[in-house]
Amino acid sequence: MAPAAAAPSAAKSGKDTNFKDKEKSGSVRSSNIVAAKAVADAVRTSLGPRGMDKMIQSGNGDVTITNDGATILNQMSVIHPTAKMLVELSKAQDIEAGDGTTTVVVIAGALLDAAQKLLVKGIHPTAISESFQRAAAQAEIILQNMATPIDLANDEQLVKLATTSLNSKVVSQHSWLLAPMAVNAVKKVLDESRPDNVDLKAIKIIKKMGDTVEESEMIDGALIDQKTMGRGGPTRVEKAKIALIQFQLSAPKTDMENQVIISDYAQMDRALKEERQYLLDLCKQIKKSGCNVLLIQKSILRDAVSELSLHFLAKMKIMVVKDIERDDIEFYSNILGCRPIASVDHMVAESLGSADLVEEISTGGDGKVIKVTGIQSSGPAVSILLRGSNKLVLEEADRSLHDALCVIRCLVKKRFLLPGGGAPEMEVACKLREKANERGGAEQYCWRAFADALELVPYTLAENAGLSPIHTVTELRSQHANGHSNYGVNVRKGFVTDMKEENVVQPLLVSHNAIKQASECVRSILKIDDIV
Ligand code: ADP
Ligand code: MG
């Protein structure tokens, strides 16, 4: 009973409590750092072109194989709240830049390690946090100075950037196909009126199992990931007039609480006849507008289309596709050049989109997809058909292509590029160390620690490629000190070379954002002194 008795007495004396509190905040902080660092260590081996992939098994037995930092962290079941902050960090990088999701976590891990050492030296967390903020701001300037502007018309350069991003993926051997595809797709949806952003929603990737990734293609036209409804209706329509409707072709339902009681056969007969007439009228009106391909929005309130109306539409030789997702309406109305129609009264010829051919094609197995070609007034939107021999490859190909698309989008947002292979991180480290000399006291210490932490990126790239990390980093450091700011880890040749000559380049936004967000995240972890 002795410890229990001691606790209240310690609480009574103010001096003791203060002492205890300080100790507690120190231990909370260090346990937070340990937890977050554990997460960073877990993804570290995935960094770079020679990085390893992770196989993640979810609770329901689904297996994912990926190299993408954001995906790994997202699927890991992390419990500790600060470890979760790293998951969020990677997600934030994914949203903002789309690539560099492993890098950001590796940097955050290194900065946490640095912070822990500084704390042990007795530097106050707030001082560390503020120094890190200033160092990160300085890093931004250094990166900007080493970046080279890029012209969006330079396709060759853009393909190189997309290739770098695909290098580290499982599907890297297909980057000759996927990289130009990403560039073309983004260019196609580039909006003149909003020149500094790209809406990636306008690029629809449709995944179909079967064949290899090499058979993937960007479609000159549109793809709809649905089957036709059949029932004897056409599966191939030439000179198509496409309508995208948001109303249902089924009998209306009563309100929640109401019911219709039918007591004899005559009444039932009348009700059925009325339903038939109602649906027939709807179908006739659709036919009258000239429509011969009907896309119906998914409906949760009642059936989007009933058997009876399907029968009528089939007789009228109208192709029917149902279950178009609400979120996809904008995409399809853009790409097909048709206007979404909310009520049958608005069913007019002007709302329809025209295409030379709409046909259902088989993608192997029972996979089907509807292909629309020769669209007359297609807006800025593209469809990509992605193939893969199994689900794991297909999913990873999708994520990798997404990264490549994001890289091109980054360039549209910020038209500068940097050499890859750890060159930007090393350059920032070298320049920061120089700048640190101009600072005094603890600040200098913190800046040096910040600089050293960034070296973990080239270190890890070398380590993952089976090179000697220490040799590589010291060699790299001396090259950068001699003004060779483009030198990075050449994983193919196994030593340090000019990454630009090696065609390994990446967008400024990715590196810039990674350093900025990682230091923000570390600062907020440092500021936590208790978990309640
Ligand atoms: P992230 O999820 O952070 O993008 P990656 O696994 O894609 O992580 O690795 C990105 C890192 O790999 C970047 O630092 C990039 O410069 C580097 N990298 C990519 N391709 C090469 C290459 N061919 N040689 C050296 N480094 C490369
Ligand atoms: Mg990447």
Side-chain angles (χ1 to χ4, degrees), residues 49 53-56 62-68 70-71 75 98-99 158-159 161-189 200-228 235-236 295 321 323-325 327-328 331-332 335-336 355 357-375 378 381-409:
D53 301 329
K54 304 278 176 206
M55 185 180 246
I56 307 154
D62 276 352
V63 174
T64 311
I65 297 181
T66 183
N67 176 281
D68 187 50
T71 312
Q75 308 228 349
D99 196 11
L158 293 179
V159 170
L161 282 148
T163 308
T164 305
S165 149
L166 290 168
N167 265 344
S168 45
K169 308 293 180 188
V170 182
V171 292
S172 62
Q173 76 267 33
H174 306 297
S175 56
W176 59 271
L177 173 75
L178 298 180
M181 197 190 278
V183 173
N184 291 338
V186 172
K187 285 208 147 177
K188 209 160 173 189
V189 300
L200 289 188
K201 278 216 192 91
I203 300 172
K204 192 152 203 70
I205 300 173
I206 288 174
K207 295 172 280 183
K208 286 285 165 194
M209 212 131 81
D211 265 339
T212 55
V213 177
E214 266 157 60
E215 301 299 319
S216 305
E217 52 176 335
M218 191 169 117
I219 306 290
D220 187 18
L223 283 183
I224 305 168
D225 191 9
Q226 291 291 351
K227 292 176 187 171
T228 60
T235 55
R236 182 190 151 95
L295 310 180
V321 180
D323 286 351
I324 303 289
E325 294 287 343
D327 292 344
D328 292 340
F331 172 79
Y332 286 121
I335 196 165
L336 299 171
L357 179 64
V358 178
E359 64 177 334
E360 184 178 55
I361 52 175
S362 164
T363 56
D366 58 353
K368 294 224 169 105
V369 66
I370 293 160
K371 189 172 176 179
V372 186
T373 42
I375 305 169
S378 183
V382 280
S383 302
I384 290 175
L385 179 61
L386 200 59
R387 307 303 308 266
S389 47
N390 65 49
K391 187 163 161 278
L392 296 176
V393 171
L394 194 57
E395 298 283 332
E396 180 67 355
D398 180 28
R399 283 189 290 269
S400 309
L401 185 59
H402 171 79
D403 275 20
L405 290 170
C406 287
V407 162
I408 309 297
R409 183 184 61 174

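No hydrogens, no waters, no symmetry mates; every other heavy atom, side chains included, goes into these values.
Between the side chain of Asp53 and the backbone N or O of Ile65, no donor-acceptor pair lies under 3.5 Å. Judged by distance alone, the side chain of Thr163 and the main-chain N or O of Val159 form a donor-acceptor pair under 3.5 Å. The backbone N or O of Thr373 lies less than 3.5 Å from no partner atom in the side chain of Glu359, so there is not a single donor-acceptor pair. Of the possible polar contacts, none joining the Gln226 side chain to the Ile324 backbone as a donor-acceptor pair under 3.5 Å is found.
Proximity of Lys227 to Thr235: side-chain heavy atoms (C-beta onward) are nowhere separated by under 4.5 Å. No side-chain heavy atom of Glu395 sits under 4.5 Å from any side-chain heavy atom of Thr64. Looking at Ser400 and Val170, their side chains never come closer than 4.5 Å, going by heavy atoms from C-beta outward. By the 4.5 Å heavy-atom criterion applied to side chains, Glu214 and Trp176 are counted as neighbours. Within the 4.5 Å cutoff, side-chain heavy atoms of Val369 are placed close to those of Ile361. A 4.5 Å side-chain heavy-atom check between Thr212 and Glu215 finds at least one atom pair inside the cut-off.
Here the straight-line distance linking atom CD of Gln173 with atom CG of Leu178 works out to 9.5 Å at 0.5 Å rounding. Remark: Met181 CE to Ile203 CD1 distance equals 11.5 Å, nearest 0.5 Å. To the nearest 0.5 Å, the span separating CD1 on Ile384 from CD1 on Ile205 amounts to 5.0 Å. Annotation: the span from Ile206 atom CD1 to Ile224 atom CD1 amounts to 8.0 Å, rounded to 0.5 Å. To the nearest 0.5 angstrom, Met209 atom CE is 10.0 Å from Thr363 atom OG1. With rounding to the nearest 0.5 angstrom, the CG atom of Asp403 is 11.5 Å from the CD1 atom of Ile408.
Of all heavy-atom pairs spanning Asn390 and Val393, the tightest one is OD1-N, 2.9 Å. When every heavy atom of Ala404 is checked against every heavy atom of Ala182, the shortest pair comes out as CB-CB, 3.9 Å. Scanning both residues, Leu166 and Ser172, for their nearest heavy atoms gives O-CB, 3.3 Å. The heavy-atom pair separating Ala397 from Leu386 by the smallest distance is C-CD2, 3.8 Å. Across Ala222 and Ser383, no two heavy atoms sit closer than the pair CA-OG, 3.6 Å. The minimum heavy-atom distance linking Ala381 with Ile335 is given by the pair O-CD1, 3.5 Å.
Thr71 pairs by the side-chain contact (heavy atoms from CB on, under 4.5 Å) definition with Thr66, Asp68, Gln75, Arg399, not counting sequence neighbours.
The existence of a salt bridge linking Arg387 and Glu217 is excluded, since no basic side-chain nitrogen approaches an acidic carboxylate oxygen closer than 4.0 Å.
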*Please walk me through it: do Val189 and Val382 pass side-chain contact (heavy atoms from CB on, under 4.5 Å)?*
CA-CA 7 Å; Val189 300; Val382 280; 4.1 Å; yes
_Show, in sequence, the C-alpha distance, side-chain angles and deciding distance for Asp328 and Lys204, and conclude whether the salt bridge (charged side-chain N to carboxylate O under 4.0 Å, His left out) test is met._
CA-CA 9 Å; Asp328 292 340; Lys204 192 152 203 70; 3.0 Å; yes
*What do the steps show when you test Asp225 against Lys207 for salt bridge (charged side-chain N to carboxylate O under 4.0 Å, His left out), and what is the final call?*
CA-CA 9 Å; Asp225 191 9; Lys207 295 172 280 183; over 6 Å; no
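Within a 6.0 Å radius of CG in Asp211, more than 12 heavy atoms belonging to other residues, nucleotides or ligands are found.
With respect to Leu295, the side-chain contact (heavy atoms from CB on, under 4.5 Å) criterion is satisfied by exactly one of Ile370, Leu336, Val358: Leu336.
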